> 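Structure provided below as structure tokens; questions to follow.
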Amino acid sequence: MSVKYIPVQWNPNKWYYDGIMLVGVAAFLWVFLYITPDALGHERPINPQIHNARAFGACAFTMLTVILCIGPLARLDHRFLPLLYNRRHFGVMTAFVAATHAGYILDWYFAFSSRSPVQGLLEANTSYGQIAGFPFEILGVFALICLTLLAATSHDFWLKFLTPPVWKRLHYLIYAAYAAVVGHVVLGILQDDRGIGVNLLFIGGAALVCVLHLAAWWQGRAEPMGIAATGWVQVAPVDAFREGFAKITKLPDGDRVAVFLHEGQLSAIANACAHQNGPLGEGKIVDCLVTCPWHGFQYDVRNGQSPAPFTEKVPTYLVKVEGGAVFVNPAANPPGTAVAPVPLEKGAT
Amino acid sequence: MSIAPSLIFFLQVWGGVGAGVALLFLAWGIDRIDEDARGAYVFRVLIIPGILLIWPLVLWRWWQLEAQSGRWLARYQPVRRAHGLAALAMSVAIALIVFFGLSARQDWPADIAPVRVETGS
């Protein structure tokens with residue numbers, strides 16, 4: 001949560017997260033460069049420049065694989081949610097590692113001609129109509145552009161400026177980038193290298209990402225939609241509510257609303273956090289404030305406003321109890337609109 | 001004829017226009033449309049690469065915010081459906097890439113038994 005923008009909002013958790021990440025990157029490069037050259041199955045002798053390029057390339061692929069696994073893992077099992085926190089720093093670091101890989105490639109394979117390295121890269125192989133011998137470099141260029149774009153738009157300013165839905169759509173480029181990276185690897189290094197370690201790293205990593213995403217997508221499809229009745233949408237029976245927690249329901253237009261029970265009274269706000277559209281309904285209320293499980297943004301459930309001096313707001317909804325069930329009006333109130341909480345009378349008819 | 005020089009020239013023009021937009025937006029526009037940016041200057045350096053890359057989108061959002069023409073509810077509508085489609089498309093693309101990519105592998109000549117090439121006749 002921010003009042004005035006600062007370059008990076010450091011806190012102990014972020015230092016810890018980033019420290020582990022940097023140690024992991026250093027360890028991966030060290031192992032790749034000095035411990036496992038034989039196990040990685042470099043079938044032909046390579047010089048240090050190429051070895052470095054491969055180390056940073058493999059590291060970038062592994063980091064991207066881990067990043068893409070975190071999202072579905074957190075959806076499938078909430079114990080992985082802490083990994084989601086600060087994932088943007090992970091993405092920025094991945095862009096730097098990938099750029100280092102590209103630098104080594106340009107400085108070796110395309111550095112010894114009268115053309116500029118970039119022009120050489122674009123002109124060296126233009127056989128786009130075939131699979132064997134496809135200019136796989138261009139897939140890497142595309143992925144690097146995507147990763148740079150995502151890293152360059154990772155500051156919270158961009159989230160607020162573009163709005164979370166537009167920002168999210170822009171950041172869906174990560175999927176295209178990953179598919180391009182897999183193509184870059186399969187049509188590049190894996191055409192020659194048949195070592196078990198390399199193939200397991202790349203193909204196994206890609207398979208893991210696909211399986212986890214498909215599993216999370218499949219689980220999400222099963223989410224029930226609220227039942228509409230006389231214009232209002234039924235959320236759950238009154239007995240289903242627990243003090244301090246919410247019930248989430250999907251509205252007919254696909255939006256989700258979180259109905260909280262706090263001090264025996266019901267309040268409803270949009271389930272999407274104003275920061276990154278994190279699931280507010282999965283947070284717990286403390287002192288009237290619900291905390292988003294993704295990044296810790298807080299909102300008063302009675303008016304959808306962040307506590308002063310913060311300025312974030314989410315829409316609120318009208319709630320009613322009728323026939324032993326809780327209903328919400330699907331028409332959202334403008335963000336920050338105060339709505340009087342509705343007493344929950346268990347067993348009301 | 002190679003398109004590489006034209007592509008590089010296009011990218012240079014794109015970046016040049018982006019630099020102009022960045023200068024205008026960070027020196028003047030950002031204070032008009034975002035209260036959290038007023039009095040905050042160091043973070044603006046981090047914003048520059050993004051503006052260079054997506055300056056048309058920056059201009060569009062800047063205009064929207066100045067004109068207050070965006071739908072406020074759109075901000076709170078997560079794009080979950082598109083998320084599933086994106087994940088599905090990525091998985092299918094990866095499966096096809098791996099299948100066809102590995103099918104196109106060729107044996108390295110070192111694995112092929114040498115054949116004496118006959119001359120004449």
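Being a predicted model, the structure only gives us computed values, none of them experimental. In what follows, every chain begins at residue 1, and chains take the letters A, B, ... in the order their sequences are listed. Only this structure's heavy atoms are used, side chains among them; waters, hydrogens and symmetry mates stay out.
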> Under a 4.5 Å heavy-atom cutoff, which of A/Leu190, A/Leu187, A/Ile6 has the most pairs with chain B?
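That would be A/Leu190.
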
> Could you measure the distance from the CH2 atom of A/Trp158 to the CD1 atom of B/Ile47? Nearest 0.5 Å is fine.
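Interatomic distance, A/Trp158 CH2 to B/Ile47 CD1, rounded to 0.5 Å: 6.0 Å.
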
> Give me the contact list for residues 129-148 of chain A versus chain B, heavy atoms only, anything under 4.5 Å, ordered by residue number.
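A/Ile131, A/Ala132, A/Thr148, listed by number.
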
> In terms of heavy-atom pairs under 4.5 Å with chain B, which of A/Phe202, A/Trp167, A/Tyr175 leads?
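Of A/Phe202, A/Trp167, A/Tyr175, A/Tyr175 has the most heavy-atom pairs under 4.5 Å with chain B.
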
> Which of residues 205-216 of chain A have a heavy atom under 4.5 Å from any heavy atom of chain B?
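At a heavy-atom separation under 4.5 Å, chain B is reached by A/Ala206, A/Val209, A/Cys210, A/His213, A/Leu214.
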
> Are more than 12 heavy atoms from other residues, nucleotides or ligands located less than 6.0 Å from atom CH2 of B/Trp63?
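At most 12 heavy atoms, drawn from other residues, nucleotides or ligands, come within 6.0 Å of this atom.
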
> So does B/Phe9 have more than 12 non-hydrogen atoms from other groups sitting under 6.0 Å from CZ?
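For B/Phe9, atom CZ is not crowded (no more than 12 foreign heavy atoms under 6.0 Å).
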
> B/Leu102, B/Leu7, B/Ile48, B/Val45: which one forms the most heavy-atom pairs within less than 4.5 Å of chain A?
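Ranked by contacts with chain A, first place is B/Leu102.
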
> Please report the C-alpha distance between A/Asp156 and B/Asp36 in whole Å, then the side-chain angles of each, then the deciding distance to 0.1 Å, and finally whether the side chain to side chain contact (heavy atoms under 4.5 Å, CB included) criterion is met.
CA-CA 11 Å; A/Asp156 266 349; B/Asp36 290 346; over 6 Å; no

> Anything in residues 50-59 of chain B with a heavy-atom distance to chain A below 4.5 Å? Please list those residues in order.
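Heavy-atom contacts from residues 50-59 of chain B to chain A are B/Gly50, B/Ile51, B/Leu53, B/Ile54, B/Leu57, B/Val58.
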
> Compare all side-chain heavy atoms of B/Pro5 with those of A/Glu123 and state whether any distance is below 4.5 angstrom.
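The answer is yes; the side chains approach within 4.5 Å.
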
> Say you draw a straight line from CZ of B/Arg61 to OG1 of A/Thr163; how long is it, rounded to the nearest 0.5 Å?
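The OG1 atom of A/Thr163 is 5.5 Å from CZ of B/Arg61, to the nearest 0.5 Å.
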
> Would you say B/Leu46 and A/Phe157 make side-chain contact, with heavy atoms under 4.5 Å?
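A side-chain contact is absent here, since even the closest heavy-atom pair is not under 4.5 Å.
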
> Which bit of A/Ile203 comes within less than 4.5 Å of chain B, counting heavy atoms only: side chain, backbone, both or neither?
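Only the side chain of A/Ile203 comes within 4.5 Å of chain B.
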
> Taking 4.5 Å as the heavy-atom cut-off, does anything in residues 91-101 of chain B contact chain A, and if so which residues?
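Only B/Ser91, B/Ala93, B/Ile94, B/Ile97, B/Val98, B/Phe100, B/Gly101 of residues 91-101 of chain B have a heavy atom under 4.5 Å from chain A.
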
> So which atom in B/Arg105 and which in A/Asp193 form the shortest heavy-atom distance, rounded to 0.1 Å?
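Heavy-atom minimum between the residues: NH2-O, 3.4 Å.
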
> Is there a side-chain contact between A/Phe161 and B/Ile33 (heavy atoms, below 4.5 Å)?
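Yes - at least one pair of side-chain heavy atoms lies under 4.5 Å apart.
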
> Go through the atoms of A/Leu170 and report whether side chain, backbone, both or neither lie under 4.5 Å from a heavy atom of chain B.
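Answer is side chain: those atoms of A/Leu170 sit under 4.5 Å from chain B.
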
